[in-house]
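It should be emphasised that the depicted structure is a prediction, and the values quoted were computed from it without experimental measurement.
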Amino acid sequence: EGVVSETVGAAVVPELGLVTGLIAVVSFILLVVGAWCVGEGGEILGQKYDASIIGGLVIAWLNTAPETIFFITALYSNKPSFAIGAISGSTIVVCTIAMGSCFYLGSIAKKSGYFTLQTSVLKQCQ
């Protein structure tokens, strides 16, 4: 019993099975639940302690932990191109999409006059 495959150009693309699809769906669901838990946990820590420091540090650390693990694993597997791709790819996404979105939405909020800060942030700004 072999894996059914299809030739596309010079590459052979294997047909995905039911188990692979099920693993992908379950992984995505777990990812969404995990992201929700991290967000809620960061918010709870931010309310209990200082919102701008503790919550931000925890969420930032949990955001970069998978990339760091992937980077270290790629280095130990002697695949430096994967390691460089993991680190540079996340940096490029943060610098372009995330910061661009923040600047765009912030400018819209400032122009419309709808601009509020959390009380702990206001205390730090004064």
Pairs of donor and acceptor atoms involving the side chains of residues 71-88, under 3.5 Å and at least two apart or interchain, shall be tabulated with distances.
| residue | atom | partner | partner atom | Å |
| --- | --- | --- | --- | --- |
| Thr73 | OG1 | Ile69 | O | 2.7 |
| Ser77 | OG | Thr73 | O | 2.9 |
| Ser88 | OG | Ile84 | O | 2.7 |

Any chance you could pull the hydrophobic cluster mates of Leu31, using side-chain heavy atoms under 4.5 angstrom and chaining through other members? none

Apart from Trp36 itself, residues in the same hydrophobic cluster as defined by side-chain heavy atoms under 4.5 Å: none

Using side chain to side chain contact (heavy atoms under 4.5 Å, CB included) as the criterion, list what pairs up with Ile23, not counting sequence neighbours. Val19, Ser27

Please report, to 0.1 Å, the donor-acceptor pairs under 3.5 Å made by any side chain of residues 94-103, with sequence neighbours excluded.
| residue | atom | partner | partner atom | Å |
| --- | --- | --- | --- | --- |
| Thr96 | OG1 | Ile92 | O | 2.7 |
| Ser101 | OG | Ile97 | O | 2.8 |

